[in-house]
Protein chains: 2
Amino acid sequence: MSRPPHRGRPATIIDVAEAAGVSRQTVTRAMNDMPGISRVTKERVLEVAKELSYRPSRYGRGLVGHSRRTIGLVVDDLTNPYYPQLASAVVSSATERGWNVMLAQTAGAADEAALVADLAAQADVLIGYPRTADGAPHDALVGVPFVHVDAGPSTPGGGVELDATAAMEDLADHLIERGARRPALLDVGTGTVATDRGRSFMRAMATRGVPAVRQTCELSTFGSGASGARALLAAHPGVDAVMAFNDVMACGVLRAMHESGVEVPGQLRLAGCDGLDLGTVVHPALTTLALDMAEVARAAVGMALGMFEGTVPLEGYRTRVRHRLLVRSST
Amino acid sequence: MSRPPHRGRPATIIDVAEAAGVSRQTVTRAMNDMPGISRVTKERVLEVAKELSYRPSRYGRGLVGHSRRTIGLVVDDLTNPYYPQLASAVVSSATERGWNVMLAQTAGAADEAALVADLAAQADVLIGYPRTADGAPHDALVGVPFVHVDAGPSTPGGGVELDATAAMEDLADHLIERGARRPALLDVGTGTVATDRGRSFMRAMATRGVPAVRQTCELSTFGSGASGARALLAAHPGVDAVMAFNDVMACGVLRAMHESGVEVPGQLRLAGCDGLDLGTVVHPALTTLALDMAEVARAAVGMALGMFEGTVPLEGYRTRVRHRLLVRSST
DNA sequence: GGCCAGCTCGTGAACGTTCACGACCCGCTC
DNA sequence: GAGCGGGTCGTGAACGTTCACGAGCTGGCC
C-alpha cells in the first residue's frame, strides 16, 4: 500500500505481508517453518509468496546475523586436474561444516589483484593458491583470514605445508630396488634453484650413492613434461628412471616415451607427484607421491574456520600434510 | 562510545568512525576511494581501519543495492573430469561479466534437496546438473532462475541442450571410412532404453547399413567403462569399433584393451564423447565428439543472467549447443 | 465472574552500509 | 563587505530481515 509494487523490483517481505493481509513477522514464521502460526494462514502466506515469486534477501538475513558463512577458494586453473581434486575436497569439507564455497580462478584473469580483492569482499575466509605467493601478500588481503595451500615457511597468512621429503626417501629406495642406476629429475622453474620436491629427490638419491641429473621445464604442464622428457633423454641417453615434478608432467613424459618407443617401466621407470586420479587412467598407471586431498582440505578448512572464530592467529600458523609413496605400474 | 567494542565482535564502520573521530560517511569515503575527503584524514581513517582490522560487511553493502551478484553452480562431482571442465568455463564466463560463482557438489551429500535449497538461498541464479532432473523439480527451486545444462525437452527451468546427433552422423561416416564393420555402443543406464547419444549412434550406423550392437553399464565411470568393454568383447568377439557414452568411459575401455592386448586403433577403433582434455593425455589420444565448454558456459551464464534481469522467461527457454567430431588417434 | 494458559498475531528495534542532502569553512572576486 | 564556489565533513533515511516483546482472543478451571 505504502509503496506500489511496480514490476521489475523483486518482492520483499513487506509486499507479501500486505498482499496476504498479515504482518512481516507472520510471513517470517511461514517461510521459516516457525511455530506460532496457524495452518491456514501459513498456507495462505506461502501461496501469496509463490504468487509474487518472493525470495528472501540473503543480505537482509545476513545482516541480522543468522546467515551461513562462506569460504573463498582461489585456484589457478580448474583445467589443471590438480585443482579440481583439491576443490572437490574443500567443497565437501566445507559443506560438512555448513559453510558455502565461492570459487575464483586466477588463470586468464585480467587483474588478479582485483579478482582476489573481490573474493575477499564476498567471503569470510580465503583458502588457496594466489599466484603472487612468493612476493608480498596482496594488500587487499591484510586482515583477511587466509590459508595458503602448499605454503613455505615465510608465506603470509596461515598455511598448509605439503611435505614430500619423507615420501621421497621411500621413492628413492623403491627406485633403486627396482634397479634404477641413472635417475633423473624433471623439475619445474627457471635456472638452478630447485623446488622443494626437486631438492628432496636429489638429496635422497645422492645420499644413497645414486646421484640424479636434473632437467628443468618452465611450466608444469602436460606438454612441457613431454618436451622436457625429450630434451632430457637427448642430453642424458642413459637415464633409466625419471621423477617428474607432478603427475601432470609425468603423464607428458609417458606420452613422449610412447612416441619414442621407450617402454615404461621396462626401459624407464617413471614416477610423479600428487596422487591424482589421472595417474590411474594412463597406461601404465603412475607410481606417485600421493597427497591425501581430503586431509589437506580438512586441515585448510579447519584452520580457516579457526581464524574466523579467533582461535587461530591470522599469521604464522602451520599444518603439515605428508605425501606417501603410492606404487602402481610405472616403476 | 555508545557501544563498547568488546573483543570478539567484528568491527563495524561505526567503530572505525568513532575511533578515528569522524563520521560514518567519511569512513565510507576513505574505504571506497571516493572524492570529498582530504588526504590526511583519509590516511588516518585507513590506518584506524587496519588497526581494528575492519572489513566492510557484504550484507550491509548488499542491502543498499550496489553489490555483486552470484551464480550458484551445481555439479555432481568435481572428481569426474567432465565437471571441472564445465566449471572452469562457467567461472571464466561469470567473472567476465562481473558475477561470482558459488559451488555445490551433490555427490556424497547427505541431503541433496537441502543442499540445493541452501545454494538457492545464497545465489541469485542457479546453473547446473541437479541429479533429480528427470523427476519433478526440487520444490525449493520454484521461482528460482535455474538453467539446466544438458536439458531435455521437458526438464523444468531454462536449459542448454547438448546435441550430438549431427556429430554422430559424422562419426558414423568416419568409422565406416576407417573400416569399421561390426560397431558397438557402450551406453549407460539400465535396461533397454537408450540415452540420446546412444540412440543417435545406433540410428546413424543403422542408416548406413552397418548396424551396431549395444551394451550398457550402470555407471558412467572409468571402471565401469573398463568392465563394460570386457563384457562387450566377451559377448561379441567380432566387434571392431566402440563408441563409448563419454570420454571417461572411453578411457576405461582403452585401459581394458591395453590389458587384453587388443590394439587401438589397430584391432579396435574407439571413440568417446565430450571432448575432455583427458582424451589427449591417454595413448592413443581419443577421437571424440567434442563439446565447446566455453560456448556451453556462455549460453548458460547468458541465459541465467537474462532470467535474473527478466528478459528471459523462467520456464521453457532453450539453447542448443552442438558437438563436433574431433578426430584424434584412437580411430 | 475472575483468573490463567496457550495460541495467534503484530510492533518497534536492530543489524551495517551507502545515498542524498545540507552545513561549515576558507579564499577569492566584485 | 557581500557573495560565491570549492573543498571537507556530518546527518537522516533507506535497504530487507529477524528478534524480543507485547496485545488480543479463546477456552478451561476454580
Side-chain angles (χ1 to χ4, degrees), chain A residues 1-6 8-46 48-49 52-69 118 120-122 124, chain B residues 1-6 8-46 48-49 52-69 118 120-122 124:
Chain A
M1 186 69 82
S2 53
R3 85 196 84 170
H6 60 283
R9 181 179 59 81
T12 77
I13 197 174
I14 299 190
D15 298 328
V16 177
E18 286 174 353
V22 296
S23 72
R24 296 169 325 210
Q25 186 60 18
T26 300
V27 178
T28 295
R29 283 190 266 254
M31 297 295 298
N32 300 358
D33 272 327
M34 294 167 63
I37 184 176
S38 75
R39 215 172 48 78
V40 274
T41 43
K42 178 169 179 174
E43 281 172 6
R44 181 161 45 94
V45 168
L46 290 181
V48 172
L52 300 183
S53 67
Y54 163 65
R55 302 180 61 194
S57 153
R58 64 176 175 280
Y59 298 117
R61 276 191 169 161
L63 208 49
V64 65
H66 296 281
S67 171
R68 295 188 52 131
R69 304 294 174 179
D118 172 68
Q122 302 294 327
D124 301 293
Chain B
M1 189 67 83
S2 53
R3 86 196 84 167
H6 60 284
R9 183 178 58 80
T12 77
I13 198 174
I14 300 189
D15 298 328
V16 177
E18 285 174 353
V22 296
S23 71
R24 295 168 328 211
Q25 185 63 17
T26 301
V27 177
T28 295
R29 283 189 266 255
M31 296 297 296
N32 301 359
D33 272 328
M34 293 167 63
I37 185 175
S38 75
R39 216 172 49 80
V40 273
T41 44
K42 179 169 179 176
E43 280 171 7
R44 180 160 47 96
V45 168
L46 290 181
V48 171
L52 300 183
S53 67
Y54 164 65
R55 301 181 61 194
S57 153
R58 64 175 173 281
Y59 299 116
R61 276 191 169 160
L63 208 48
V64 64
H66 297 283
S67 171
R68 293 186 57 129
R69 304 293 173 180
D118 172 67
Q122 301 294 326
D124 301 292

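All values below were derived from every heavy atom in this structure, side-chain atoms included, with hydrogens, water molecules and symmetry-related copies excluded.
When rounded to the nearest whole Å, the span between CD of B/Gln25 and P of C/dA20 equals 10 Å. Between A/Leu63 atom CG and C/dG16 atom P there is a gap of 7 Å when expressed in whole angstrom units. Counting to the nearest Å, the P atom of C/dG16 and the CG atom of B/Asn32 are 17 Å from each other. Rounded to an integer number of Å, the gap from CD1 of A/Ile13 to P of D/dA14 is 19 Å. In this structure, A/Ile14 places its CD1 atom 13 Å from P of C/dG10, rounding to the nearest Å. The distance from atom CE of B/Met31 to atom P of C/dT17 is 9 Å, rounded to the nearest whole Å. If you measure from atom NZ of B/Lys42 to atom P of D/dT8, you get 11 Å, rounded to the nearest angstrom. Straight-line distance from the OH atom of A/Tyr59 to the P atom of D/dG16: 13 Å, rounded to whole Å.
Comparing D/dG16, C/dG12, D/dT11 by their nearest atom to the side chain of B/Ser23 picks out D/dT11. Counting only heavy atoms from C-beta on, B/Met34 has its side chain closest to C/dC19 among C/dC19, D/dT17, C/dG16. Side-chain proximity of A/Arg61 to D/dC15, C/dT17, D/dT17: nearest is D/dT17.
Contact annotation: the side chain of B/Arg29 never approaches that of B/Val45 to less than 4.5 Å [non-hydrogen atoms, C-beta and beyond]. Taking 4.5 Å as the limit, some side-chain heavy atom of B/Leu46 sits within range of a side-chain heavy atom of B/Met31.
At a cut-off of 3.5 angstrom, counting only N and O atoms as typed in the model, there is no donor on one side facing an acceptor on the other between the side-chain of B/Arg55 and the base of C/dG16. Side-chain atoms of A/Arg58 and base atoms of D/dG16 include no donor and acceptor less than 3.5 Å apart.
In this structure, A/Ser38 reaches the C/dC9 phosphate: one of its side-chain N or O atoms is under 4.0 Å from OP1 or OP2.
B/Ser57 comes within 4.0 angstrom of sugar-phosphate atoms only, judged by non-hydrogen atoms across all strands, and of no base. The residue A/Thr28 sits close to a base: some heavy atom pair falls under 4.0 Å.
When all heavy atoms are compared, the tightest approach of B/Asp15 to B/Pro10 is OD2-O, 4.2 Å.
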Practice item. Could you give me the CA-CA distance, side-chain angles and deciding distance for B/Ile13 and B/Tyr54, then say whether side chain to side chain contact (heavy atoms under 4.5 Å, CB included) is met? Key: CA-CA 7 Å; B/Ile13 198 174; B/Tyr54 164 65; 3.5 Å; yes

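Nearer the 5' end of DNA chain C, as judged by each residue's closest nucleotide, is the contact made by A/Arg29, out of B/Tyr54 and A/Arg29. Nucleotides of DNA chain D nearest to B/Val64 and B/Ile37 differ in position, and the one nearer the 5' end is that of B/Ile37.
Salt bridge status for B/Asp124 with A/Arg58: present, with a side-chain N to carboxylate O gap under 4.0 Å.
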